[in-house]
Amino acid sequence: MRVVLAAARTSAQRLGTRRAFGGLASQQNIDGLSNDLLISLSMNHNNDGRTQAELVANLARNNLLKSDFLIETMTSVDRLHFLLPDQEGMYEDKPRNIGSNATITSPHMHAIALQALFGDGDIPMGSLALDIGCGSGYLTVCMASILAERDGVAYGIDHARDLVQSSRRNAERSHPYLVKADALHFFQGDGFLGLEEKAPFRYIHVGAAVEDIPTALIDQLAPDGRLLIPVGPEGSDQDLLCIKKDTQGNTTKEKIMSVVFSRMHIEPPDTEEAKRIQLEEKVKQLYNEAESLTKEIRNWQAKFKEEHSSRPGTSDIRKDPIANQMLQRFSTVQSDIKRTTAALRVTEPHE
């Protein structure tokens, strides 16, 4: 998969101070604005840019983004694909409205989150990440871009159906090769319950404040995993905590900085719509698996023909445990596609 991703990426690339600012948090919607940045602004450390590359370069220059591979990642994920159309100041280091009473976090908070989670470069093969409150999908795509190089997957979850749908569209427009490589998925649901069916996660990011850390997220954190989460009451100082779990299941907490995040307001999901979204995701996964199995079966057939100068028959397949297993799995996937597609038709809205 890494070779495919590299080729696709190459193609895609072608085409007293704190007090002075303290009242700002209560006066404006500044979801994701850190007190550290307020101090930085007062010292004329401006992160704004005219392009994505200039914005990220300023974040790096001001020591908010430190790892070279993370600088490359954020540069490659252009913020313009994740904002509402014709929005001004897309490369300013400020939150922006993305609809559904939500905002995309300030770029400096994306940088800090990536640095805290991935900055040490110790990213095992097959790692999984969960982005809770994924909004328009920006950070989830950054995570997927990092993990896909190591055969990993990033999952985004949000309570708002419209945001989940826009996240998918944004990802397909910004990084279609990640979607095609099955390295990126979005779900609708209560993120504070995590995503148990995909756990455990090496990396979990929470983009909304909590007063108490959800037990489900600790449970779904993998050994040696990291959870980044803002903790504290809404409308006042909160602590951005990095929680680490060791191989024995013990956890430690480290305060990264003080922040001001909005709380995630959970709304009852449209159960039919949520079910339809889950079924669509399932069908997509099944088709991808069927395509992969088809290639493996054809490769086996070609190898057999080369070795025996004839095409394999039914008895040849049954004698070979690997080929027999592949065909059985292919048959199961076909049946699952038919059953899931039929269930999806039932959930489709009628005029």
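Just the heavy atoms: all of them, side chains too, but no hydrogens, waters or symmetry mates, feed the values below. Counting from 1, the numbers follow the sequence of the chain as shown. The shown structure was predicted, so the numbers you read here are calculated from the model rather than taken from an experiment.
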Y177 and S145: CA distance, side-chain angles, deciding distance, side-chain contact (heavy atoms from CB on, under 4.5 Å) verdict:
CA-CA 10 Å; Y177 65 89; S145 182; 4.2 Å; yes
[X] (side chain) donor-acceptor with [Y] (main chain) under 3.5 angstrom:
X	Y	answer
N324	D320	no
E92	G49	no
R168	V164	no
Q87	N97	yes
N170	S136	yes
S292	N288	no
S166	D162	yes
N250	D246	no

Go through it in stages, so that I can follow the logic: the residues are Q220 and E196, the test is side-chain contact (heavy atoms from CB on, under 4.5 Å), and I'd like the CA-CA distance, side-chain angles, deciding distance and then a yes or no.
CA-CA 7 Å; Q220 294 174 32; E196 188 174 7; 3.9 Å; yes
Going from [atom1] on [X] to [atom2] on [Y], what distance comes out if it is rounded to the nearest 0.5 angstrom?
X	Y	atom1	atom2	answer
L117	S127	CG	OG	11.5 Å
I123	I146	CD1	CD1	6.0 Å
K245	I204	NZ	CD1	8.0 Å
D316	F304	CG	CZ	3.5 Å
D158	C134	CG	SG	4.5 Å
L114	H110	CG	NE2	8.0 Å

Atom [atom1] of residue position [X] - does it have more than 12 heavy atoms of other residues, nucleotides or ligands inside 6.0 Å?
X	atom1	result
E197	CD	yes
E307	CD	yes
Q325	CD	no
K284	NZ	yes

Work out which heavy atom in [X] is nearest to a heavy atom in [Y]; give both atom names and the distance.
X	Y	result
G194	L130	CA-CD2, 4.1 Å
P107	K94	CD-N, 3.7 Å
A208	P230	O-CG, 3.4 Å
A160	S100	CB-CB, 4.4 Å
R79	Q52	N-OE1, 3.0 Å
P214	I229	CD-CD1, 3.9 Å

Of the options D182, V333, T294, T332, which is the one that meets E289 in a side chain to side chain contact (heavy atoms under 4.5 Å, CB included)?
V333
Determine, stepwise, if the pair Y155 / F186 fulfils ring pair (Phe, Tyr, Trp, His ring centres under 6.0 Å).
CA-CA 6 Å; Y155 298 92; F186 294 98; 9.5 Å; no
Establish, yes or no, whether a centroid distance under 6.0 Å links the rings of Y203 and H205.
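No, the ring centres sit 6.0 Å or more apart.
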[X] side chain near [Y] side chain, heavy-atom distance below 4.5 Å:
X	Y	result
Q115	L70	yes
M257	I112	yes
I132	L217	yes
Q238	S258	no
V153	L184	no
V141	H81	no
F82	S174	yes
M143	D131	yes

If we ignore angles and hydrogens, is there a donor and acceptor under 3.5 Å between the side chains of N58 and D48?
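There is no such pair (donor and acceptor under 3.5 Å, judged by atom type) between the side chains of N58 and D48.
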May I ask you to check whether Y91 and D78 show a side-chain donor-acceptor distance below 3.5 Å?
yes
Does the side-chain contact (heavy atoms from CB on, under 4.5 Å) test come out yes or no for L241 and E254, once each step is laid out?
CA-CA 6 Å; L241 300 181; E254 176 189 358; over 6 Å; no
Would you call the rings of H185 and F187 parallel, tilted or perpendicular, where under 30° means parallel and over 60° means perpendicular?
tilted
According to a hydrophobic-cluster definition based on side-chain heavy atoms being under 4.5 Å apart (Ile, Leu, Val, Met, Phe, Trp, Tyr only), do [X] and [Y] belong together?
X	Y	value
L178	L80	yes
L227	L193	no
L84	L139	no

Applying side-chain contact (heavy atoms from CB on, under 4.5 Å) to L147 and F118, what does each step give before you reach the verdict?
CA-CA 10 Å; L147 296 178; F118 302 99; 4.0 Å; yes
Residues D120, R226: salt bridge by 4.0 Å N-O rule
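Salt bridge present between D120 and R226.
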Can a salt bridge be assigned to the pair D122 and R202 using a cut-off of 4.0 Å between side-chain N and carboxylate O?
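A salt bridge is present here (some side-chain N lies under 4.0 Å from a carboxylate O).
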